[in-house]
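Here's the structure we're looking at; comments come further down.
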Amino acid sequence: MHEMGIAMQIAEIAVASIPEELQHSRVKRVNLKVGKLSAVVTDSLRFCFEVVTRETPLEGAVLAVEEIPVTARCKDCRHEWTIDSPVFSCSRCSSGAVELLSGRELDIESIEIAEEDG
Amino acid sequence: MSELFDFSFLHRPHHERSHHDHPGSDPRRHHDPQPAGGNNTGGKGSREIQVARRVLDANEEMARRNRQIFSDHGIFVLNMMSSPGSGKTTTLEKTLVRLMPEIRTAVIVGDICTTHDADRLAGSGAPVVQVNTDAFGGDCHLSAQMIEKAAAGIHLNSLDLLIVENIGNLVCPAEFDIGEDARVVVLSVTEGEDKPAKYPLMFRECDAALLNKIDLLPYLDYDRQAAVDFIHQVHPGMPVFEISAKTEEGLDAWIEWLTAAIRRKRSG
């Protein structure tokens with residue numbers, strides 16, 4: 001529901017990350033990592049990104065989203081596994097002392113900028 | 001769109017931007033964007049620039065600052081979240097009656113529109129600051145920046161507890177740190193027992209759950225044990241307080257939990 005705000009943050013960070021010497025170049029792609037436990041709907045985010053980037057150096061850039069699975073480690077038996085249903089106790093020993101290793105990401109990894117010919 | 005959102009920052013060149021525009025959001029403070037070694041992973045004629053930043057780091061930085069300010073004043077901050085209509089405001093009203101005046105409490109109330117909740121809570125004698133998010137396009141959550149602004153209208157020196165009544169929504173508020181010490185989620189027995197499984201992030205992120213409206217149980221086909229089990233599937237061991245804000249049944253245990261948390265913070 002807050003994808004518009006997220007899209008604006010992504011756009012702001014991406015524009016600010018364009019190096020000085022490439023200020024007039026076009027950004028072709030923004031690489032994003034989104035954990036499956038993040039409260040973000042990817043399709044909605046792409047739509048918002050397209051809207052907020054019109055008439056900016058990001059116009060037409062692909063928002064490439066890498067989905068990150070939810071993984072956890074048991075604090076008792078050290079077992080590590082991927083969580084694919086909303087059950088957060090250890091899949092081996094049933095302990096509830098669980099530490100999340102991934103799944104909360106909402107990170108901009110990189111941007112890709114079109115280089116001028118020559 | 002452009003009437004609702006200010007996109008002007010996107011059109012300005014990098015070098016004209018300053019820290020004053022968006023406090024804490026300048027990427028150069030933490031990560032200087034560097035050209036990537038390989039340079040060409042994006043295909044022909046493109047250059048990849050590593051960014052490696054959390055999208056919400058501006059909010060997170062602001063939340064850290066809020067947390068520091070509240071801690072400096074010895075204030076415990078509680079972020080109360082829930083679905084709409086779960087009885088959060090009534091729970092808060094009854095909570096304030098029991099806490100005040102021994103625990104000096106102020107409330108920040110978030111709503112997309114209207115001041116109805118703030119009007120109800122003002123009867124408790126606690127200072128109440130209303131935050132309406134419609135100016136931001138009807139946002140679905142309170143951000144750390146909104147809390148910072150709202151807190152500016154509160155006398156922090158004469159306060160023990162700040163309760164933030166977040167926007168009624170089980171999705172988005174869970175994503176946004178506002179600088180709180182504890183998070184609680186209110187759900188009610190008129191909702192599905194499996195809400196925790198449908199909104200796992202919210203129930204993972206909270207420190208306690210209030211299961212409200214238990215006075216209605218005789219009239220419903222609600223399996224309260226199933227609801228508690230779902231909560232514990234998502235968050236094993238999380239305290240669950242079964243309450244009726246209306247009849248005040250079960251409120252004692254909740255108040256005890258809250259005051260113990262406040263005492264723990266005070267004693268460092």
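So you know, we letter chains A, B, ... as the sequences are listed, proteins then strands, and number each from 1.
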| With a 4.5 Å limit on heavy-atom distance, are the side chains of A:I6 and B:V55 in contact? | yes
| For the residue pair A:Q9 and B:A58, what are the closest heavy atoms and their distance? | OE1-CB, 4.0 Å
| Thinking salt bridges, do A:R29 and B:E48 make one under a 4.0 Å N-O criterion? | no
| message | Taking side-chain contact (heavy atoms from CB on, under 4.5 Å) as the criterion, tell me which of A:K28, A:E112, A:E115 meets it with B:R47. | response | A:E115
| query | Can you check whether B:I49 reaches A:P19 side chain to side chain, under 4.5 Å on heavy atoms? | reply | yes
| task | Enumerate by number any residue of residues 223-235 of chain B whose heavy atoms lie under 4.5 Å from heavy atoms of chain A; in the absence of such residues, state 'none'. | result | B:Q233, B:V234
| Which bit of A:S95 comes within less than 4.5 Å of chain B, counting heavy atoms only: side chain, backbone, both or neither? | neither
| Hey, are the side chains of B:H141 and A:H2 touching, using non-hydrogen atoms and a 4.5 Å cut-off? | yes
| said: Taking side chain as everything from C-beta outward and backbone as N, CA, C, O, which of these in A:L32 sits under 4.5 Å from a heavy atom of chain B? Side chain, backbone, both or neither. | reply: side chain
| To the nearest 0.5 Å, how far apart are OG in B:S46 and CZ in A:R26? | 10.0 Å
| said: Tell me if the NZ atom of A:K36 is crowded by more than 12 foreign heavy atoms within 6.0 Å. | reply: no
| message | Working to the nearest 0.5 angstrom, can you tell me the gap between B:R53 CZ and A:S17 OG? | response | 6.5 Å
| query | About how many Å separate CG of A:L106 and CG of B:L56, when rounded to the nearest 0.5 Å? | reply | 5.0 Å
| said: Rounded at 0.5 Å granularity, tell me how far CD in B:Q50 sits from CD in A:E109. | reply: 7.0 Å
| said: Other residues, nucleotides and ligands only: do more than 12 of their heavy atoms fall within 6.0 Å of CD on B:E256? | reply: no
| task | With a 4.5 Å heavy-atom cut-off (strictly below), which parts of residues 196-204 of chain B touch chain A? List them by number. | result | B:A197, B:P200, B:L201, B:R204
| remark: Note: A:G96 and B:P236 closest approach over all heavy atoms is CA-CB, 3.4 Å
| said: Test salt bridge (Lys or Arg N to Asp or Glu O under 4.0 Å) on B:R54 and A:E105; report intermediate values, then the result. | reply: CA-CA 8 Å; B:R54 291 187 52 75; A:E105 293 78 3; over 6 Å; no
